[in-house]
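One structure below.
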There are 2 protein chains.
Amino acid sequence: MKKVTINSVATYAGVSKKTVSRVLNNEPNVSPATREKVLKVFKELDYTPNPIARGLARNRSFIIGCLYDNPSKSYITRVQSGALEACHKHNYNLLIHPCELRGEALIANIENLLMTSRLDGLVLTPPFSDSIELIEFLKKKNVNYARVASAIEDDESISVRSNDEQGAFEITEHLIELGHSHIAFIKGHPDHSATEQRFSGYQRALSAHNLTFDDTLVAEGNFSYHSGADSAKAILDINPRPSAVFASNDYMAAAVLKLATQRQLKVPEDISIAGFDNAPIARHIWPGLTTIAQPVEEMTRQAVELLIEQIGGAQVQVRQTTLEAKLITRESTSKP
Amino acid sequence: MKKVTINSVATYAGVSKKTVSRVLNNEPNVSPATREKVLKVFKELDYTPNPIARGLARNRSFIIGCLYDNPSKSYITRVQSGALEACHKHNYNLLIHPCELRGEALIANIENLLMTSRLDGLVLTPPFSDSIELIEFLKKKNVNYARVASAIEDDESISVRSNDEQGAFEITEHLIELGHSHIAFIKGHPDHSATEQRFSGYQRALSAHNLTFDDTLVAEGNFSYHSGADSAKAILDINPRPSAVFASNDYMAAAVLKLATQRQLKVPEDISIAGFDNAPIARHIWPGLTTIAQPVEEMTRQAVELLIEQIGGAQVQVRQTTLEAKLITRESTSKP
DNA sequence: ATGATCTGTGACACCGGTGTCATAATGTCA
DNA sequence: TGACATTATGACACCGGTGTCACAGATCAT
């Protein structure tokens, strides 16, 4: 099967390849007759333009890369789905690049990524959106990027986040208002800025309600279900047992729920459990988890929209956006 | 910031660009001195080769596309993870393309995908791995592709599947051997070949154990949690209530579990529940779901490995592979 | 009628690399 | 020492498109 290039089309149609290119890109100044003729040859020869050649000439690939390292599958799919929505709207495609590395190795990895596929831009999700090294590197290399759910301030770069501190405050307050005062907390992964934010919202709610913060009620997790299970053991063994647990994400909360159920504790009668993120699991288990809905898709979608705008050469005006998180109450929390 | 091209490097190092290209690709026949010199200039100028230009010259993009439309997030992430493993091993990248379309629109969509980014190959996951139209189209366009978890026979194309029929047989047999004879079944999405396979395994097990098949025990689902919830309602209302439910995937099984728990039924004492896929949710809920572990990552990994081999120009010998599915027993099934 | 503007088209360089081939320099063997 | 193989290097075309510019012919205002 011989290749059909713009040259074959041009020869066959009896026009110059520039004219073919004009038809291809819907440029003006082509007579209707010529346009028709060329379009007919497209069909006849079953011509597909070569995106690589086009990319070389235009210096564009129309591909956006998405960088992530997140233990939560549902977070990743939500990120992808938001990014894809924006990409497809503007006829871009999405290349995914999960990556577990830190420091030097991370930079080398990204360098290799940029060497093997030319990306028009990069979306950084946690924890990469907080990596100063990476951001410096990208700036140096003149790569367009947008940051999702990052807490670090940097007016230069595009960043869309949600208000985690406020969300954590609200859900803690929800527990307090139900009558809980002995509320355990499970922290997230230390590399994620959300971890600190959520912890801080928890503390602020305690002090806003004149409860003293007790660090023996705090367990260290890393957002994974597994780490939640470990933390759950520690927390359920505390004497007296906390009447409520606020886990920094739903996976860890689900792990607490599973262990509590196994130990014949009734949720929420014996212990209330709250999560964060509104992951699918929060409504797939029984009792459903009270949690904070973060607009993950929306954040990513907006970030990619802005990124594409910037790639297009626009001077993006509003680079920093904060979206609201929302409390979702389900069956896993009640009066003590 | 001026662009650093192979030409600037060549000029700066005082060699021809072909020699620079040789160094870049680790080709032989470059004197150590020259190589050193060029490498030093790479550093000094902070040169990054342009993958697009390279792609044009070599007629390769080193990007594989992954096509899917699957309601299960965990299935998607498993597919991605297997594909990525193979890609990164061979220095390829992965572009994801979810796509809800069928028929004509699907073809147009894929055509557009191929027009906007040149992909070296395509991995098809269900239900696309079963789409005759799509396969015909790709053959016509001379696009390399590999099919994952497809049931249709086609010796020409690369295909890696797992034995769903056998898995369904085994899990049904497991229920029968526990003493169940009144076993409900929830079907999957009709577009997926797995749906028919699993149903057929269920039926074969019944007849192998001399149980008569009763179609009032069969509910129509579509693999989504939501459809599982609907089917669960129908099944739990059957009189007399089935003593066991085999749902075609774990999401639907989890929905049955949730409804049963809400109705104060004890699982597995009052009703046994089995799923399929060994999705994360199967072990994240309590009781954990008895299910069939499908080697999704492994299937996809192998499919992509073969695909890359084919792209490399090799005549791939063994194009068709079937992997084994494995029964995983957890707490959701027991004697009636 | 005349210059000015607009429309349709093609020649040609260019994007940034790689492949082919010629050629000079060096090494090898009788 | 000459004939021949090997190594190191560069000139140049090429991959398949797009951008710039020149130019002929049509249209328009004066």
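Heavy atoms only: backbone and side chains are in, while hydrogens, waters and symmetry mates are out. Every chain is numbered from 1, with letters handed out A, B, ... down the list of sequences.
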Exercise for the section: Run the numbers on D69(B) and R102(B) for salt bridge (Lys or Arg N to Asp or Glu O under 4.0 Å), then give the verdict. Expected result: CA-CA 10 Å; D69(B) 168 23; R102(B) 302 289 135 91; 2.5 Å; yes
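Nearest nucleotide to the side chain of A53(B), out of dG17(C), dT18(D), dG8(C): dG17(C). In the set dG16(D), dG19(C), dG16(C), the nucleotide with an atom closest to the side chain of N50(B) is dG16(C). When the nucleotides dT9(C), dT9(D), dG10(D) are ranked by their closest atom to the side chain of V30(A), dT9(C) comes out on top.
In this structure, L56(B) and K18(B) both approach DNA chain C, and ranking their closest nucleotides by distance from the 5' end singles out L56(B).
Atom P of nucleotide dG17(D) and atom CE of M115(B) are separated by 10 Å, given to the nearest angstrom. Look at CZ on R58(B): it is 16 Å from C1' on dT20(C), rounded to the nearest Å. If you take CZ of R60(A) and P of dG16(D), they are 23 Å apart, rounded to a whole angstrom. In this entry the distance linking CG of N29(A) with P of dG8(C) reads 5 Å, nearest Å. To the nearest angstrom, C1' of dC14(C) lies 11 Å from NZ of K3(B). A straight line from CD1 of I6(B) to P of dC14(C) spans 17 Å, rounded to a whole angstrom. Per the geometry, CD belonging to E27(A) stands 15 Å off P belonging to dT7(C), to the nearest Å. One can place CG of N59(B) at 12 Å from C1' of dT18(C), the figure rounded to the nearest angstrom.
Judged by atom type and distance alone, R22(A) reaches the base of dG10(C) through a side-chain donor-acceptor pair under 3.5 Å. Side-chain to base pairing of K17(A) with dG17(D): one donor and one acceptor N or O lie within less than 3.5 Å of each other. Under 3.5 Å, the side chain of R35(A) and the base of dG8(C) form no donor-acceptor pair of N or O atoms.
In this structure, F223(B) and H192(B) have perpendicular ring planes: the angle between them is above 60°, well past the 30° mark.
Checking the phosphate oxygens (OP1, OP2) of dT7(D), no side-chain nitrogen or oxygen of S31(B) falls inside 4.0 Å. Taking 4.0 angstrom as the limit, T5(A) places none of its side-chain polar atoms (N or O) nearer than this to OP1 or OP2 of dG16(D). Side-chain N/O atoms of T34(A) include none lying less than 4.0 angstrom from OP1 or OP2 on dG8(C). For the pair Y47(B) and dG17(C), the criterion of a side-chain N or O lying under 4.0 Å from OP1 or OP2 is met. One finds a side-chain N or O of S21(B) lying less than 4.0 angstrom from the OP1 or OP2 phosphate oxygen of dT18(C).
Distance alone, capped at 3.5 Å, is enough to place a donor-acceptor pair between the D130(B) side chain and the A151(B) backbone. T48(A) contributes no side-chain N or O that, together with a main-chain N or O of M115(B), makes up a donor-acceptor pair within less than 3.5 Å. Although no hydrogens or angles enter the test, the distance criterion places no donor-acceptor pair under 3.5 Å between the side chain of N25(A) and the main chain of E27(A). At least one donor-acceptor pair under 3.5 Å links the side chain of T300(B) to the backbone N or O of V296(B).
Within 4.0 Å of P49(A), counting heavy atoms only, lie sugar-phosphate atoms of the nucleic acid but no base atom. Looking at heavy-atom distances under 4.0 Å, N7(A) makes no contact with the nucleic acid at all. Across all strands, V20(A) comes closer than 4.0 Å to no nucleic acid atom at all (heavy-atom distances).
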